[in-house]
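Comments concern the structure below.
The figures that follow rest on heavy atoms only: side chains count, while hydrogens, waters and symmetry mates do not. A, B, ... follow the sequence lines: proteins, then strands. Residue 1 opens every chain.
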Amino acid sequence: MLDKYGIAKRIAKELKDGFYVNLGIGIPTLVANYVPEGIEVILQSENGLLGIGPFPTEDEVNADLINAGKQTITTTTGSSFFDSAMSFGMIRAGKVDLTVLGAMEVSENGDIANWKIPGKMVKGMGGAMDLVASASYIIVAMQHTSRDGASKLLKKCTLPITGLRCVDKIVTDLCLIDVTERGFELRELAPGVTVEEVIAKTEGRLIVEGDIPEMVLD
Amino acid sequence: MNKEVANAEKAIEGIEDNMTLMLGGFGLCGIPENCINALANKSVTGLTCISNNAGVDDFGIGIMLKKKQVKKMISSYVGENEEFERQMLSGELEVDLIPQGTLATRCMASGYGIPAIYTPAGVGTEVAEGKEIRNFNGKEYLLEYAFEADFAIVKAWKGDTHGNLIFKDTARNFNPLMAMAGKITIAEVEELVPAGELDPNQIHTPGIFVNKIFQGTNYEKRIEQRTVSI
């Protein structure tokens, strides 16, 4: 089983040299810590920055420089600033190569729900709807089940939808799944996890073909 | 072409009950602090505010919410504000949550003189309810209208007396878009210089879009998530 760092580590292996990447709030943000050696990726922050650097030291803290999660950050060499319309322009025009975001539910046809729990959490969608409507490659980072044990990989989302048929890949604490026209295709198992456990915890159509290898993390 | 006014109180003259305002900023970054404080001290109510966020309980637009000056918020994300949530759930405050890119582009459209845009954001979601959908090259898009705002209030880093503006870092965000979109645009800046002192090559917002400008004071620049490396 993977903890949140393990999920981030596995997703980082999907990064390719030259990728522009948008990382959502939460586990996705951690992916930045595991960029494989020898490749260069540039992180996009939808509030208007290409080239997110590490968190600042106390002396470097700059209130005018934050990421989309409103955290203080720094910039990397070759970074650039722009306004919010240009930021979503690069997202809509498909210039951002990879989007990693969290989810509350994903359905077997790739629908994602991650912005609203009616009556409980109504904070808004931020940039999530724009990202999922336009991104060419979307990886979801999430726990396989909710706190009460219910599967988050469903036949059909029950919560308000963020975007339709958009998720390409899911990495959970249990496994890596490709979302294809056939449904959830199990590709890799987290260390110590069995196929039976994934089957038991996946409500949507899960496709298991051949031997499923264990994830390589390092 | 001197657009300088003395202070925030002078700048917000003309803002009346039930008007629609655009307010720049992302979270608390790049918000027009001086004008927000001046509005909170003025007896103006029933405002519709277009702003990506709604501040926090005791800072930014949160101050105006507490004083019940806001009738409606049009935003993309409104977490981190308990009073906001209370007013929204009790029905005192009308809230229109829209995707952030749609918000930015509806501001942009307004500033560019375009009445509406098509965007894929929100297709298949509750955001699409009641909206015209059109198919271009096999993909569906929503028709979204340009905003109309009586006043746009923005915050820049530097400005000159002609109203030319330069923004800094991620405090730019919605500010240049809104600056172009207001029927009347107010800019508050950290440093106001005489026309001619800013490099024309570095101007982000040309002065034609700005009606009133002043140098703000006592910027707090509050940080929501102070994260440092160890």
If you count heavy-atom pairs within less than 4.5 Å of chain A, which of B:Glu224, B:Lys139, B:Arg222 leads? B:Glu224

Best-contacting candidate, B:Ala104, B:Gly101, B:Pro176, against chain A by heavy atom pairs under 4.5 angstrom: B:Gly101

Just wondering, more than 12 heavy atoms not from [X] lying within 6.0 Å of its [atom1]?
{"X": "A:Lys95", "atom1": "NZ", "answer": "no"}
{"X": "A:Tyr20", "atom1": "OH", "answer": "no"}
{"X": "A:Met90", "atom1": "CE", "answer": "yes"}
{"X": "A:Arg187", "atom1": "CZ", "answer": "yes"}
{"X": "A:Asp218", "atom1": "CG", "answer": "no"}
{"X": "A:Lys156", "atom1": "NZ", "answer": "no"}

Picking from A:Asp64, A:Ile73, A:Thr75, what satisfies side-chain contact (heavy atoms from CB on, under 4.5 Å) with B:Asp169? A:Asp64

Applying side-chain contact (heavy atoms from CB on, under 4.5 Å) between A:Lys70 and each of B:Asn53, B:Ile223, B:Thr170, B:Thr227, report the one that passes. B:Asn53

Does the pair B:Val228 and A:Val61 meet the rule for a side chain to side chain contact (heavy atoms under 4.5 Å, CB included), with working shown? CA-CA 7 Å; B:Val228 292; A:Val61 168; 3.5 Å; yes

Distance (rounded to the nearest 0.5 Å) between [X] [atom1] and [Y] [atom2]:
{"X": "B:Gln100", "Y": "A:Met125", "atom1": "CD", "atom2": "CE", "result": "10.5 Å"}
{"X": "B:Leu177", "Y": "A:Met86", "atom1": "CG", "atom2": "CE", "result": "9.5 Å"}
{"X": "A:Lys123", "Y": "B:Ser76", "atom1": "NZ", "atom2": "OG", "result": "13.0 Å"}

Which one wins on heavy-atom pair count under 4.5 Å against chain B: [options]?
{"options": "A:Leu164, A:Ile66, A:Thr57", "answer": "A:Ile66"}
{"options": "A:Ser45, A:Ala85, A:Ser79", "answer": "A:Ala85"}
{"options": "A:Thr162, A:Ile161, A:Leu49, A:Asn47", "answer": "A:Asn47"}
{"options": "A:Ser84, A:Ala63, A:Ala133, A:Gly124", "answer": "A:Ser84"}
{"options": "A:Ala128, A:Ala68, A:Ser87", "answer": "A:Ala68"}

Can you tell me if A:Arg92 and B:Thr105 form a side-chain donor-acceptor pair at under 3.5 Å? yes

Need one label for [X]: side chain, backbone, both or neither, based on atoms under 4.5 Å from any heavy atom in chain B.
{"X": "A:Asn67", "result": "backbone"}
{"X": "A:Phe81", "result": "both"}
{"X": "A:Pro56", "result": "both"}
{"X": "A:Glu60", "result": "neither"}

Which residues from [range] are near chain A, with near meaning under 4.5 Å between non-hydrogen atoms?
{"range": "residues 87-99 of chain B", "answer": "B:Met88, B:Leu97, B:Ile98, B:Pro99"}
{"range": "residues 23-30 of chain B", "answer": "B:Phe26, B:Gly27, B:Cys29"}
{"range": "residues 203-220 of chain B", "answer": "none"}
{"range": "residues 109-124 of chain B", "answer": "B:Thr119, B:Pro120, B:Ala121, B:Gly122, B:Val123, B:Gly124"}

Working for side chain to side chain contact (heavy atoms under 4.5 Å, CB included), residues A:Trp115 and B:Glu126: CA-CA 11 Å; A:Trp115 77 280; B:Glu126 58 187 61; 3.7 Å; yes

Expected output: side-chain A:Asp130 to main-chain B:Thr102 donor-acceptor under 3.5 Å: yes

Heavy-atom pair of closest approach, residues A:Gly69 and B:Gln225: O-CG, 3.5 Å

Measure B:Arg172 against the heavy atoms of chain A and call it side chain, backbone, both or neither at under 4.5 Å. side chain

